[in-house]
Every structure is written in C-alpha cells, then in structure tokens.
Colleague: 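Handing you a structure now.
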Amino acid sequence: MKKGVTILGLLSLFIILSFSIVFASSYVPIGKGCTNAYYIDKDCDGYGVASPLGPDADDNDPEVNTPQTVIAKYGNLTNFLHHLGYYPDRIFYIATDGNDNTGEVNNINKPYKTWNAVKPHLQPGDAVIFRKGVYGKEYRPKCENLKGTPDKYIIVMSYPGEKVVINPSSITLANSNYLIIDGFIADNTVDNWGSGIKGHINSHVIIRNFEAKGHASGMHLMQDLHDILVENSVFHNNPNSHGIYWGSRDLPNSNLTVRNCIMYRNGRHGFQHNGRVTNLLLENNIIHSNDLGGISLLQGVRESVFRNNLVFNNNKQGIVLYLYPSEQYCFPYDQFNNLFVNNLVWVGKYKWKGNGTEPSNHPAVNFNDATGNHSMDGNVFRNNILVTYNGPVFRFDQKKFADTTIIENNVIYRVGGSDEIMTYGGDVYDFDAFQNFSNLIKNNLLTDPKFTDVSIDYNLTPEKFNFDYLSDSHARDHGTTTDAPSTDLRGNPRDEKPDAGCYEYQYSELTITTEILPDGTAGIQYSATLTASGGTVPYTWSLVSGSLPT
C-alpha cells in the first residue's frame, strides 16, 4: 500500500534532510548536486574532483565512484568507457610498478612504466590510461605535438575512480590537437611554480575532471588557441598567478569554453584572458576567494559570453575589463559586444585571508582603458545580481563606455547605500541618476537580494555562503528572457519569467510515500523526494517505531 502526501514550504525540513543526512560534508551546496565551494560532487556520493574522498568514476551516478563499482555495474572497463563516450581503438596502460620492457598494448595486466615508452607508439584513436599513484617529473604526460583527428581523438586519462597525481611538474600540450585529458591531479608540493597544464598553439582540446593546485597558475595556455573546452575541473591554491590564465600575443584565440569549474584561493584572478579572443564562453563556474578579482578580461576580449557564474569573496573586482599600454607582445585591442547575463557577483568587506579590508571599496564591475584611446563599446549586463560593500556597483574609470553599455533587468545592491551606484570618471551617480543616465540603462532594481545566508564575516569560511534566494527576494522573476540561459548554475530550468542571478528559485515541496514492508518484517518504509531552492534530493529510510528519523 502506498500513500503520497505533498507538503509545501518545508524549508527547515529541507535543511535537516539535505545537510544532516544526504550531503557528504557540512559544506553548503552552491553548484550542481552537492558541489560546494571546494569540490565538485554532482551526484552527492561524496566523491568528485578535489573531494577529500577522491575522484569520482562517474559523477552523474551515485552508484559508480570507485574502480570496483565501475566493474560491478558495467562488467568491464571497455563497457564503461563506451558509457563515457570513449571508443578507443587501442589502450596503453601506465603504472608506477609497470615495466617498459614487458608492457603490452590492450593488456591491463602488463602496463608500461613510463610515458616516454608509450608516446612514440600513439596514433589517432588511441588511449593512454594511468593507474593510481604519484608520477614525478620524469613520468608526467608530455603531450607536445600529439595529434589526433576529428573523428579519432587521442585520450590521455586516469583510470576511472583512481587517484593519479602528477607531482611536481605539469602536463604539457604545446602544438597538440584533437586531444582529451581526463581525470588527473596536478600538484606541486616543491616550489609553487609552473602550471598544472601548460600549452600553446592548440586546437580541439578537451580537459575535464582535472584538479590543479600548488603551482604558479592552475592552467596556462597561450596564443593560437581554438576550440578548447575545460569542464568539471578545480583550480585552487595556486599562489603566484591565476587559477586559469589564457592569452594571445600576435596570434588571436577563438571558441574557448570554461564551464562547471571552481577557481579559488589563487594568487591573482580566478580567471584571466589577456589578449585577443572571440567567442570566449564562461558558464556555470564558481569563482571565489582569489587574491585579486574574479573574472579579468584584458587587451581584446570581444563577442564573448559570461553566464550563470557565481563570483564572490574575492579581494578586488568581481569582473574587470581592462586595457593597458603595451609596446611589446600583448598589444591592447578594443573589447566590445560581450554579454554578461545571469551572473551573481558579491564583493564583501574583508580579504579572504583576513588581513585587511581591501575588497570593501571595489566595484562589482570595472571598466578601465588606461591607454586612453580604445573602445569598450556595446557590452551588455542583463539579469545579473551585483552586490558591493562600499564601492560603486559599476566603475567607469574614464568618461566613456557607459554611454554604449546596456545595463538592464539587474538587481543591484550597495551595503553603503544608494548614493554611489556608478562612477563615471570623477562623477558619482546615485541610483536615480544611474537609471536616468541613458536609455540603455533600465529596469534595474536597487534592493537587498535577500540571500539565505550571506555575511561579510564569512570571508575566512567561504563554505558557509548560501546564495539561495529567500521566498520574498525581488530577484525572483526580475529577469528578461532575452539571452537568458535555459538552465541555472545547478541545471534547474528557467521559466518564462527568469530570475536574476545565477539561480532560478525552486519552490519547496516534500513528497512522501509510505509502503508496508514484506511480510515477516516490522515497520514502514518511507521514501521522500524533496524539491527546494537547492534542487531535488532523494532520501529513503525505514522505521520500526513509526517516528521520523533524526
């Protein structure tokens, strides 16, 4: 016998179930599934990129996370690789206890020991799978000049669910194309320099399920980059530079995508592109607690899209568009026609290390042409939530660019009050003057967006930030469908009246079904599906006494 009951408005029960029972840690989930400020865990099994439990073999299936569960469900590795969309012609295995003299292709029981022994044999359509362990500089994957074909990528990956660490050096990609890098941990416990992944002149490269820490920068790719995808990766604690640093000098870039990634506690910006690029896409990323700002766009970023990103707790601006004088290599170029839609940018008071109040006067968005003679026209800010402490929401360092910038349907808030919403050169505009500045600035709200739990005092503990909207938040339904993404940061669908910011508010609804257990057992089995602002959480428990679980 089954009975269904629907109860609305049970936010307190949502907190109890999701945080005390379901989630693998006490961190607030701010991304897909149980993804939090520190690691990716889309299926809420506790495993994932940068998780303390280790990598997840399949982060879309809570039943599959370790090598053992891979085989239990799929029977063999080949079936699982096909499930991932990988169909290699041949597989070379590399293991720390392998032997280059006895290694055999397609034989998991006879792995090679070194990359140098395998690389000369690689052809389009091949895969190289590293087994668990720590691989030093001499054993790292050096993928320079490694070239697949459009229908036969070369795959270099860690064994699903195994922890493969490259320490202290990087994975190198120079002059490579049609290549997939999947599942490594690039660490540097020696000197905090280098990059987790480093390359230049690349095309059609996919990097996923990757963690980089302890370097100068997590990723450093330069010039003549085309059709690059980075997804489901974490770049953190790289103390001397950026989480991701991409750039171009004399050869521009195009079609670059970073999605579903986390960038935090890096020595400069979370993400930076320096130089000419068209069709750069940043979406569904979490960027926080970096020594400078969140997203830095320099010297020629144009016709690009930034959507569904959560940018918070950084030491400087949330988003900066900057042109600087340069007479060598990275010349400044116009930055125009970029779209910033459904992002959430929060600038607090205190530095994330707790040693000052540097963030307090910084803007959410900063335009600065230090060259004095370039254009940053036609940029669009739509459906965003932009919050500052004492700085302006928009800072235009020169008296231009605001004239051609579309700013509409945003929710903006300045803790210091409404008297300095925009600075325009040396002029200061309060909210009314800002709204009347031009016909391109319209339908914005100045109001507290009413997040669930956000505080300037969480600067040392970013895992506590909860940006979910309260039920009476004015960010709800304030967006426009123009250019709005179809889903939010968590993958929830947006409706015909999209919310501002990176989230789409989800009504709280708890559905409980009860079922008498088979004869010979005592009690009732309860199954619950809870849908709330944070997404949908399944939970099942069995009772003998008839009381709810604690």
Colleague: Are Asp56 and Lys42 within salt-bridge range, i.e. N to O under 4.0 Å?
Modeller: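 No, no charged N to carboxylate O under 4.0 Å.
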Colleague: Which heavy atom of Asn379 sits nearest to which heavy atom of Gln335, and what is that distance?
Modeller: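 Minimum heavy-atom contact is ND2-O, 3.5 Å.
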Colleague: Over all heavy atoms of both residues, which pair between Ala370 and Tyr322 is shortest? Give the atoms and the distance, please.
Modeller: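 For Ala370 and Tyr322, the tightest heavy-atom pair comes out as CB-CE1, 3.8 Å.
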Colleague: Using side-chain contact (heavy atoms from CB on, under 4.5 Å) as the criterion, list what pairs up with Ser169, not counting sequence neighbours.
Modeller: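 Listed in chain order: Lys137, Arg140.
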Colleague: Please report the C-alpha distance between Phe340 and Ile295 in whole Å, then the side-chain angles of each, then the deciding distance to 0.1 Å, and finally whether the side-chain contact (heavy atoms from CB on, under 4.5 Å) criterion is met.
Modeller: CA-CA 11 Å; Phe340 302 84; Ile295 298 174; 5.6 Å; no
Colleague: Does anything in residues 416-426 pair up under salt bridge (Lys or Arg N to Asp or Glu O under 4.0 Å), and if so which pairs, sequence neighbours excluded?
Modeller: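 Found Arg414-Asp419, Arg414-Glu420.
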Colleague: What's the spacing between Tyr424 OH and Phe401 CZ if we round to 0.5 Å?
Modeller: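 Taking OH in Tyr424 and CZ in Phe401, the distance rounds to 9.5 Å.
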Colleague: Salt bridge (Lys or Arg N to Asp or Glu O under 4.0 Å): which pairs involve residues 445-458, sequence neighbours left out?
Modeller: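 Passing the test, one end in residues 445-458: Lys450-Asp472.
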Colleague: Could you go through Asn308 and Arg494, starting from their C-alpha distance and side-chain angles, then the distance that decides it, and tell me whether this counts as side-chain hydrogen bond (donor to acceptor under 3.5 Å, both in side chains)?
Modeller: CA-CA 11 Å; Asn308 277 346; Arg494 294 189 184 272; 2.8 Å; yes
Colleague: Go through the structure and list residues passing side-chain contact (heavy atoms from CB on, under 4.5 Å) with Leu292, not counting sequence neighbours.
Modeller: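 So Leu292 forms a side-chain contact (heavy atoms from CB on, under 4.5 Å) with Arg268, His269, Lys316.
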Colleague: Which of these passes side chain to side chain contact (heavy atoms under 4.5 Å, CB included) with Leu221: Ile228, Leu256, Ile201, Val205?
Modeller: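 The residue from Ile228, Leu256, Ile201, Val205 that satisfies side chain to side chain contact (heavy atoms under 4.5 Å, CB included) with Leu221 turns out to be Ile228.
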Colleague: Applying side-chain contact (heavy atoms from CB on, under 4.5 Å), can you list everything that pairs with Tyr333, at least two apart in sequence or on another chain?
Modeller: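 So Tyr333 forms a side-chain contact (heavy atoms from CB on, under 4.5 Å) with Arg276, Arg302, Phe331.
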Colleague: I need the minimum non-hydrogen distance between Lys400 and Gly372, along with the two atoms involved.
Modeller: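 Nearest heavy atoms, Lys400 then Gly372: NZ-O, 3.5 Å.
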Colleague: Between Ile40 and Asn260, is a side-chain contact (heavy atoms from CB on, under 4.5 Å) present by the stated rule, with each step listed?
Modeller: CA-CA 9 Å; Ile40 297 171; Asn260 303 329; 5.7 Å; no
Colleague: Salt bridge check: are Arg490 and Asp468 linked by an N-O gap of less than 4.0 Å?
Modeller: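 Salt bridge present between Arg490 and Asp468.
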Colleague: For Asn238 and Tyr245, what are the C-alpha separation, side-chain angles and deciding distance, and is it a side-chain contact (heavy atoms from CB on, under 4.5 Å)?
Modeller: CA-CA 11 Å; Asn238 298 288; Tyr245 182 26; over 6 Å; no
Colleague: In a check of side-chain hydrogen bond (donor to acceptor under 3.5 Å, both in side chains) between Gln223 and each of Asn253, Asn202, Asp250, which one passes?
Modeller: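 For Gln223, the side-chain hydrogen bond (donor to acceptor under 3.5 Å, both in side chains) test succeeds with only one of Asn253, Asn202, Asp250, which is Asp250.
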Colleague: With sequence neighbours excluded, tell me which residues meet side-chain contact (heavy atoms from CB on, under 4.5 Å) with Asp191.
Modeller: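 Asp191 satisfies side-chain contact (heavy atoms from CB on, under 4.5 Å) with Asn188, Trp193 once adjacent residues are dropped.
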Colleague: Roughly how far apart are His220 NE2 and His242 NE2, rounded to 0.5 Å?
Modeller: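 Reported value, rounded in 0.5 Å steps: 8.0 Å.
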